[in-house]
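The structure appears below as structure tokens.
When reading the values below, keep in mind they use all heavy atoms of this one structure, side chains included, and skip hydrogens, waters and symmetry mates. Numbering of residues begins at 1 and proceeds along the displayed sequence.
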Amino acid sequence: MEKLDRNLPNRQVIPFLFMLLWDQVLTVPARYSVLEETESGSFVAHLAKDLGLRSGDLAARSARVVSDYDKQQLILDPDTGDLLLREKLDREELCVPVEPCVLHFQVFLEKPVQFLQGELLIQDINDHSPEFPDKEMLLKIPENSQPGTLLPLNLAQDLDVGSNGLQLYTVSPTSHFHVVTRNNSEGKKYPELVQDRALDREEQAEMSLTLTALDGGSPPRSGTAMVRILILDINDNAPEFVNTPYEVQVLESSPPDSPVLTVLAKDADAGNFGRVSYGLFQASDEILQTFSINEVTGEIRLKKGLDFEKIKSYHVKIEATDGGGLSGKGAVVIEVLDVNDNAPELSISSLTNSVPENAPETVVAIFRIRDRDSGDNGKIICSIPDTLPFLLKPSNKNFYTLVTEGPLDRESRAEYNITITVTDLGTPRLTTQHTITVQVSDVNDNAPAFTQTSYTLFVQENNSPALHIGTISATDSDSGSNAHITYSLLPTHDPQLALSSLISINADNGQLFALRALDYETLQNFEFRVGATDQGSPALSSQALVRVLVLDANDNAPFVLYPLQNASAPCTELLPRAAEPGYLVTKVVAVDRDSGQNAWLSFQLLKATEPGLFTVWAHNGEVRTSRLLSERDAPKHRLLLVVKDNGDPPRSATVTLQVLVVDGFSQPYLPLPEVVRDPERSNENLLTLYLVIALASVSSLFLLSVLLFVGVRLCRRARAASLSGCSVPEGHFPGHLVDFSGEGTLSQSYQYEVCLRGDSGTGEFNFFKPMVPNLLLQDPGRDVKESPHSRDSFVFS
Ligand SMILES: *[C@@H]1O[C@H](CO)[C@@H](O)[C@H](O)[C@H]1NC(C)=O
Ligand SMILES: *[C@@H]1O[C@H](CO)[C@@H](O)[C@H](O)[C@H]1NC(C)=O
Ligand SMILES: *[C@@H]1O[C@H](CO)[C@@H](O)[C@H](O)[C@H]1NC(C)=O
């Protein structure tokens with residue numbers, strides 16, 4: 001409310017002023033000042049006094065104050081003549097931005113009309129704080145910004161002026177920046193940040209600073225704003241692969257599109273500068289065709305299948321590029337692992353299909369094996385079955401020859417299927433097989449072989465001419481003409497045997513024929529050799545012995561040796577009348593030229609004058625008395641005996657015997673009995689002759705028995721000594737038969753034969769050993785054991 005003298009017009013100028021005023025217009029305005037925000041009604045100036053008027057004058061002259069503005073800020077107190085503030089004045093509202101702030105007003109007076117210019121200076125007070133238009137400021141600074149860099153900031157506003165206006169900016173914290181206060185071209189103060197230290201986004205990407213603006217009031221007022229500083233990344237880091245060089249192994253069997261590995265490159269930068277894209281670098285066509293890399297993920301995949309046999313490893317260069325264009329390089333070593341995907345191969349270079357059977361070691365085939373895999377997968381083993389007589393011989397570098405182990409034998413095996421097996425050692429094992437067929441060609445290395453070393457053929461005597469009596473047969477294990485056999489009769493060494501008139505042979509099939517009828521009684525057996533020859537070159541041949549046994553037929557009737565039957569008178573035996581029952585009257589002796597059963601004779605009494613008196617022993621022909629003779633018995637008896645053989649049909653002969661009963665003919669010195677004789681024959685000489693004949697016949701009978709006994713003994717000894725053994729089979733011999741072959745019976749296997757040579761008439765016996773073993777023993781020049789076959793003999797009738 002006090003008047004500011006400084007701004008008021010000088011008191012000495014006031015009279016001059018009034019003079020002008022009174023000259024209608026006051027040219028020099030009256031000047032006053034007031035602080036802003038002064039209460040309304042406050043005193044501004046003693047206007048009346050300053051005009052030199054009394055206070056009542058103003059009211060009388062209707063004085064009034066007129067402002068230049070619509071609003072009237074000043075009023076005139078008419079009583080006191082003081083100029084008062086009508087309302088509170090706000091400098092900032094009235095004047096900003098004009099400085100100084102001056103209100104112009106006029107004072108009007110009537111009677112006389114006068115008007116007065118006045119100025120009111122409104123003085124500032126510190127009623128405003130500095131204020132930032134933005135409470136938060138964002139500042140982006142690249143991290144490579146150097147210390148000393150200046151960063152002007154938006155300024156703060158302070159409506160006050162002068163020393164109340166904005167004076168200073170400060171900032172906190174001051175680790176990286178401080179602030180300086182600058183004047184701009186308009187004279188306003190603005191803050192400017194100064195970078196003190198280097199920045200590293202990777203260390204601290206963002207900072208917040210508090211910017212404070214201070215004015216010069218007392219006390220000073222301040223305003224703050226937040227400065228957010230984003231430290232901008234710059235691409236100061238190139239991408240770097242984490243594990244380079246990468247090493248990876250891939251099976252060659254991996255299908256296309258299978259992943260190989262994922263590479264990773266790191267870039268410490270952020271955003272685009274840290275965003276890495278992957279690619280292949282300096283890649284050859286082969287690598288480009290084989291691998292692909294995912295730009296974003298870094299995954300490397302196969303584009304096509306691999307083949308270890310072609311390429312075993314790949315060196316792939318890779319590149320990682322960030323958004324700023326910086327790049328890092330890496331390498332991937334991709335090793336292809338072998339997989340056993342190739343079976344062994346076998347190729348035959350040369351092959352012989354046929355090998356002669358007796359050739360020494362012969363090359364059959366030459367072949368080559370290989371396996372495209374490597375390592376164990378490519379190691380191969382070549383084999384053929386152990387059982388075959390062939391050998392595999394490795395020659396140089398995967399070549400093998402297949403050779404025969406030695407001479408082969410076509411007869412045991414004519415064809416070989418040789419399976420060559422080639423196996424590799426991979427997992428799983430792969431195998432290739434190849435079969436070679438080798439034929440063994442024939443060589444004439446086998447002579448014909450007879451089915452038996454000797455043949456025994458039996459032919460019934462009296463056969464029809466050209467009778468097929470048997471077949472010999474030989475086999476040849478060769479083939480073709482080497483096995484084609486021709487049979488022949490070999491010349492005999494026996495000059496007596498006219499073989500060609502007896503036997504013929506079919507050269508093709510070995511059938512033997514008897515050319516004419518055979519007679520057992522003249523030729524019981526004969527032997528000859530046959531040959532079998534093949535047609536090989538040279539031809540091979542072999543021989544066999546054929547023995548033909550002629551079988552007896554009952555074609556001869558028994559022949560009575562004693563008593564003689566062709567005499568004109570029948571033979572007469574003497575019988576003492578005192579003979580005891582069982583007295584041997586005589587013995588009928590008969591032979592049969594046949595043999596065996598056909599020669600077994602039996603005797604039978606067919607007819608007698610006194611039937612009850614004599615008995616004939618069926619098996620030895622002895623005629624004995626069966627009772628004592630009585631006086632009533634006739635002195636002369638006639639007996640009719642029949643001698644029958646055992647043939648089929650049997651043949652027989654009859655014997656007529658006369659017995660004369662004599663008296664007084666007793667033992668031991670038996671005188672010749674008184675014979676009741678026929679009147680024609682009763683002379684002494686005749687009696688003597690009969691006696692002699694009877695004695696001779698008895699002694700010859702004895703001799704015969706002794707011979708028989710000795711013969712049987714000899715035969716037994718011979719049989720015991722023989723290889724095959726000559727056993728006498730047990731069996732039942734028909735009681736009514738006599739075996740003139742000695743003793744024993746017939747069995748199927750062993751047959752004994754006795755032959756009494758009829759032509760000699762001397763009763764000489766001829767013993768045969770058992771036939772079959774006998775033949776074996778007599779096989780000349782060889783030591784042949786009895787074999788089961790040799791008992792198979794042919795019997796033809
Ligand atoms: C800014 O202006 C003030 C007075 O207006 C003066 O005192 C000061 O020296 C100036 N500062 C600069 C940096 O020019
Ligand atoms: C060999 O093989 C052939 C054809 O497979 C077959 O006909 C023949 O019987 C075989 N030979 C042998 C001795 O296995
Ligand atoms: C009776 O036969 C035998 C032998 O056959 C003969 O040796 C003899 O001479 C014959 N006797 C008479 C009388 O015919």
Roughly how far apart are [X] [atom1] and [Y] [atom2], rounded to 0.5 Å?
X      : Y      : atom1 : atom2 : result
Leu551 : Gln524 : CG    : CD    : 11.5 Å
Gln439 : Asn353 : CD    : CG    : 7.5 Å
Trp600 : Ser595 : CH2   : OG    : 10.5 Å
Asp552 : Asn462 : CG    : CG    : 9.0 Å
Ile469 : Leu518 : CD1   : CG    : 7.5 Å
Gln511 : Ser504 : CD    : OG    : 10.0 Å

On a heavy-atom basis, which atom in [X] and which in [Y] lie closest, and how many Å separate them?
X      : Y      : value
Ala696 : Ser699 : O-OG, 3.0 Å
Ala553 : Asn598 : C-ND2, 3.3 Å
Ser477 : Glu411 : O-CG, 3.1 Å
Pro356 : Ser441 : CA-OG, 3.1 Å
Asp594 : Ala599 : O-CB, 3.2 Å
Ile485 : Ala532 : CG2-CB, 3.7 Å

With a 4.5 Å cut-off on side-chain heavy atoms, are [Y] and [X] touching?
X      : Y      : value
Arg413 : Leu408 : no
Thr471 : Asn509 : no
Leu502 : Leu523 : yes
Val530 : Tyr487 : no
Thr404 : Val364 : yes
Asn506 : His468 : no
Leu657 : His637 : no
Val623 : Val659 : no

Whether the side chain of [X] engages the backbone of [Y] through a donor-acceptor N/O pair (distance < 3.5 Å, no angle test) should be reported.
X      : Y      : result
Ser705 : Leu703 : no
Arg577 : Ser630 : yes
Asp645 : Pro558 : no
Thr656 : Leu640 : no
Asn358 : Pro407 : no
Ser454 : Leu545 : no
Ser626 : Leu613 : yes
Asn554 : Pro649 : yes
Glu357 : Val443 : yes
Thr572 : Gln658 : no

Could you walk me through whether Thr522 and Val550 pass the side-chain contact (heavy atoms from CB on, under 4.5 Å) check?
-> CA-CA 10 Å; Thr522 51; Val550 183; over 6 Å; no
side-chain contact (heavy atoms from CB on, under 4.5 Å) partner of Thr533, chosen from Ser542, Pro448, Ser541 =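 Answer after filtering Ser542, Pro448, Ser541: Ser541.
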Where at least one partner belongs to residues 604-620, residue pairs that pass salt bridge (charged side-chain N to carboxylate O under 4.0 Å, His left out), sequence neighbours excluded |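 Sorted result for residues 604-620: Glu610-Arg627.
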Can you list every salt bridge (charged side-chain N to carboxylate O under 4.0 Å, His left out) pair that touches residues 436-457, not counting sequence neighbours?
->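 The answer is Arg410-Asp442.
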Go through the structure and list residues passing salt bridge (Lys or Arg N to Asp or Glu O under 4.0 Å) with Glu622, not counting sequence neighbours.
-> Arg624
Report the C-alpha distance between Val661 and Asp633 in whole Å, list the side-chain angles of each, state the deciding distance to 0.1 Å, and finish with yes or no for side-chain contact (heavy atoms from CB on, under 4.5 Å).
-> CA-CA 9 Å; Val661 179; Asp633 288 324; 5.7 Å; no
Residue pairs fulfilling ring-ring contact (aromatic ring centres under 6.0 Å, His included) with at least one residue in residues 523-556, sequence neighbours excluded | none
Parallel, tilted or perpendicular: rings of Tyr455 and Phe450 (30°, 60°) = perpendicular
Can you label the angle between the Tyr416 ring and the Phe390 ring as parallel, tilted or perpendicular, going by 30° and 60°?
-> perpendicular
Contacts of type side chain to side chain donor-acceptor pair (under 3.5 Å), residue [X], not counting sequence neighbours:
X      : answer
Asp476 : none
Gln535 : His484
Glu631 : none
Thr352 : none

Applying side-chain contact (heavy atoms from CB on, under 4.5 Å), name anything that partners [X], two or more places apart in sequence or on another chain.
X      : value
Leu701 : Leu584, Lys587, Val589
Thr435 : Asn417, Thr419
Ala557 : Arg651
Val642 : Gln604, Leu606, Ser652, Thr654

side-chain contact (heavy atoms from CB on, under 4.5 Å) assessment of Ile472 paired with Ile505 | CA-CA 9 Å; Ile472 54 161; Ile505 190 165; 3.6 Å; yes
Answer yes if the side chains of Asn446 and Asp478 hold a donor-acceptor pair under 3.5 Å, and no otherwise.
->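 Yes, side-chain donor-acceptor contact under 3.5 Å.
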Quick one: do the Glu573 and Thr586 side chains pair a donor with an acceptor below 3.5 Å?
->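 Present: a donor and an acceptor within the cut-off.
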Where do Asp592 and Asn556 land on the side chain to side chain donor-acceptor pair (under 3.5 Å) test, with the steps shown first?
-> CA-CA 7 Å; Asp592 194 311; Asn556 288 288; 5.3 Å; no
